[in-house]
Each structure stands twice: as structure tokens, then as C-alpha cells.
There are 2 protein chains.
Amino acid sequence: MTPASARSPTRVHLRHFSKSLPMSLLRAREAVMRHFRPSLRRHGLTEQQWRVLRALATVPDIEVAGLARATFLLGPSLSRILQDLEGRGLIRRAASPGDLRRGVISITAAGAALIETVTPSSEAIYRAITQRFGAEKLAALQALLRELEEAVADLDTALPDDEPQAALPHAGKAVR
Amino acid sequence: MTPASARSPTRVHLRHFSKSLPMSLLRAREAVMRHFRPSLRRHGLTEQQWRVLRALATVPDIEVAGLARATFLLGPSLSRILQDLEGRGLIRRAASPGDLRRGVISITAAGAALIETVTPSSEAIYRAITQRFGAEKLAALQALLRELEEAVADLDTALPDDEPQAALPHAGKAVR
DNA sequence: CCGTTTCGTTTAACACGTTAAGTACTTAGC
DNA sequence: GCTAAGTACTTAACGTGTTAAACGAAACGG
């Protein structure tokens, strides 16, 4: 576990920038997810596929758009995931009668069974984390995160979108 | 902005599971990053490329492994990013004399110039977020995040790794 | 020395994140 | 009804996340 580059003297601060808010959130999330991934992986599921299955387990069925919001996945990602899960027989899809554009997703018996297989270890990990960190601190953290979310959402209305800067074709060789 | 699926009655709870800690962290981070991405994108940079450049700006040079830790990127991702940035002339790489395995990375004048171009808007956004959310709350949040990170890191030693479960070849059609 | 092991980094493979464009269906206007 | 606009979802393209394997260079053991 000892870091491999404890020799070059060129590591003066670098620390200060890993304290930025996005980095802190990323690190914390990664530290948590590190514990869940192995268990999911043993059952052939990614974190996002697991989110989809869990969301589906709470309702009889749901449209794709609603599922995207519930799982916090973007449309394209969800589209790929649903194809995969459908191919494995874990979910089922049907067209909404009355609006053939809408797809209605529901979990299959196999999907529900998989959830029951994975849930125990998943919840055990969550309990261990809660206990280690403290239930009150966890609640406080969740509250702060929610407040942060709302605060920065309001920024959308405060600033126009980003900055007053004309849409100049940027000089570099591009993002796409 | 009005959600598109306010019609199907199948949206009973679903809420409860978006309150899980990983989801909260993900949502909060995404809410913050949403404000930074457009600015970076206009300059032809992704969030991760920006992390690399910023880290390089704080030291004369650094080895790849050290840079990976500083930017919280995994080796493979960093490897790809460095190839890209080198191709654009924003960074420079050399082999470490005395150990040819190690690559030593440093920023170029062009890279430094790009940083100076992007930094103002980036810091303006950060200031706006700080002001909106409150500096004290921000500090409290950062502290909690750090504690969480440490708490769950300790879990590694508490539990063996995950679970007492033999390495059975999992039945599904696999993750890979 | 020479084979083996270890180390630092890169490649490979597959899944997701992100943006833009496409497709199929529906609705509104005329 | 026929077209134009909008809506729900999918495809496409490219970059990153994640794991495993490959590769070259260094350290070690005999």
C-alpha cells in the first residue's frame, strides 16, 4: 500500500488542489463504492445495472424516462443498459398502449431473484459503513449534500448559463 | 424543465433508494460539475484533462504514478490522457534517468498558457458556488467527506476484503 | 551472468458519461 | 389529411472508468 513514488522531491503541494469540492466528492464516493463493486461484480452486475434493477423492484413498471430520472442515468446510458438486461432476461419491455413512443419497463422473476441474491451482502456493507462513520454524521452529510445540490441548482437562474462569451470556434484541435 | 412522465401512476416510492449514500454523492458532484463543464469544454478540455494540467502546474515535473495519485485517475485513464495532451503540445514527457521505466511529465508553455486562459472563469464559478452555499457549510461538508473517506478506508482492515465466498465462476453471461 | 520476479507503464476490452444526431411516433396548424 | 413541430427513445462518436493482461526495465537469486 505504500506509495511507489516517495522519492522524487517534486511533490511540494499538489495537495491543495485535491481539496476542491468536486475532487472531495469524487474521492468520497469512490471510497464508498470500492466496497460495493466486488460484490456486485461477482454477480455479473455493474453499479449502474444494479441501480436499474433496484429501481424496477420498487414499482410494477415504469417508463424509460422515469427510470432515467430515478436511477440518475442519462438516456443513452440507460438505453444500452436496458438492452443488456433485457438480453439477460432480467427485465421486460413493452410499448405503452396509446403512445407507442414510450417504452414501459418491468422486472422479471429472474431479475427479482437476482436482487434477492445480491441484497444481503449489499446491505451488510452499507450497515458496516453506517456503523463505522456514525448514523448521525451520515444524516448530517446527506443533509449537506442535498442543500448543496439545491444551492448550485439555483445558480442556473442566477447566472444566464455560464458566461458572457461569444461562441468562438475554439482554437485547439477540439473536443470532438 | 417539467418532467415528462407525470402521468403514469407507477411512481410510488423510488425516492427512498435515491437517498443511498453513493447516489447522494453522485448527485451532488454532478450538480457541481454541471457548472464547470461548459467552460472547460469551450477550451477543448475534459474535466480529467483539466485536473492533469492543474496538477502539473504546481510542480516542475512529476512521475506518472505520482500524477495518477494527485489527480485521482487510474493508470490506464492517465496513460490515454497523457498521450492526448502530449499530442496537443500541452505537456512534455521524458524518461527518468536511472530508471527508464519511469516517465517524468512536465507542462509546456502552451499548457501553462491554456491554464491561465481557463482559470478565471473556473474560479468565478467556484466563488459563486461557495457564496451561494456558504463558506462554513462548505468547510463542514469537506470535513465530513474527509472523515467518511477515512472511515470507510478502515473497513478494509476490519473485513478481510468483502465476504467469505468461494471464487465460483458466476453463472450469468458475465461481466467480461 | 542468466533466469525469475517485481515494478512502472501501457494496451486491450468492455461498460458508462456526455453531447449531438437520428428515428419513430404524436400532436398541432392549416 | 398533410405537413410541420414536438416528444420519447435510440444510435453514434469519443473520452473516461475499470479490470486484466502485456511489455520493457530493474532487482534478485542462483
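Per chain, numbering begins at 1; letters A, B, ... match sequence-line order.
- The phosphate of D/dA8 has neither OP1 nor OP2 within less than 4.0 Å of any side-chain N or O from A/R69.
- Residues A/V152 and B/V32 share a closest heavy-atom pair of CG2-N, 4.2 Å.
- Between B/R102 and D/dA25 there is no side-chain polar atom (N or O) within less than 4.0 angstrom of OP1 or OP2.
- Of the candidates C/dT9, C/dC16, D/dT19, D/dT19 carries the atom nearest the A/R37 side chain, counting heavy atoms from C-beta on.
- Here A/Q83 lies in heavy-atom contact (under 4.0 Å) with sugar-phosphate atoms only.
- No engagement by B/L78 is indicated, since no non-hydrogen atom pair under 4.0 Å with the nucleic acid exists.
- When rounded to the nearest whole Å, the span between CG of A/L74 and P of D/dT16 equals 17 Å.
- Sequence order on DNA chain C of the closest nucleotides to A/L73 and B/G75 puts B/G75 first from the 5' end.
- Evaluation of atom-type donor-acceptor distances gives a pair under 3.5 Å for the side chain of A/R80 against the base of C/dG17.
- For the pair A/E47 CD and D/dT19 C1', the computed distance is 15 Å after rounding to whole Å.
- Judged by closest nucleotide on DNA chain D, A/P76 is the one of B/F72 and A/P76 placed further toward the 5' end.
- The side chain of A/Q48 contributes an N or O atom lying less than 4.0 Å from OP1 or OP2 of C/dG17.
- Salt bridge A/E63/A/R69: absent, no basic N to carboxylate O contact under 4.0 Å.
- For D/dG15, the OP1/OP2 oxygens have no side-chain nitrogen or oxygen of B/T46 closer than 4.0 Å.
- Between B/I81 and B/T71, every side-chain heavy-atom pair lies at or beyond the 4.5 Å cut-off.
- Taking atom CZ of residue A/R101 and atom C1' of nucleotide C/dG22, one finds them 16 Å apart after rounding to whole Å.
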* Apply side-chain contact (heavy atoms from CB on, under 4.5 Å) to the pair A/F133 and A/L141, showing each step before the final yes or no. => CA-CA 10 Å; A/F133 184 52; A/L141 175 56; 4.1 Å; yes
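- Atoms CZ and CZ, from A/R29 and B/R27 in turn, are 12.0 Å apart once rounded to the nearest 0.5 Å.
- Taking atom CG of residue B/D99 and atom P of nucleotide C/dT9, one finds them 8 Å apart after rounding to whole Å.
- A sub-4.0 Å separation between OP1 or OP2 of C/dT18 and a side-chain N or O of B/R41 is absent.
- The residue A/I81 sits close only to the backbone: its heavy atoms come under 4.0 Å of sugar-phosphate atoms, none of a base.
- As rounded to whole Å, 11 Å separates atom P of C/dT10 from atom CG of B/L67.
- Toward the 5' end of DNA chain C, the nearer of the two residues A/R51 and A/L100, judged by each one's closest nucleotide, is A/R51.
- Side-chain nitrogen and oxygen atoms of B/S79 include at least one within less than 4.0 Å of the OP1 or OP2 phosphate oxygen of C/dT10.
- Using a 4.0 Å cut-off, no side-chain N or O of A/R34 falls inside it from OP1 or OP2 of D/dG17.
- The distance from atom CG of A/D84 to atom P of C/dA13 is 19 Å, rounded to the nearest whole Å.
- Nucleotide D/dT18 holds its P atom 15 Å from the CD atom of A/Q49, rounded to whole Å.
- There is a side-chain donor-acceptor pair under 3.5 Å between B/R88 and B/Q49.
- The nearest whole Å value for the distance from the CZ atom in A/F36 to the P atom in D/dT18 is 15 Å.
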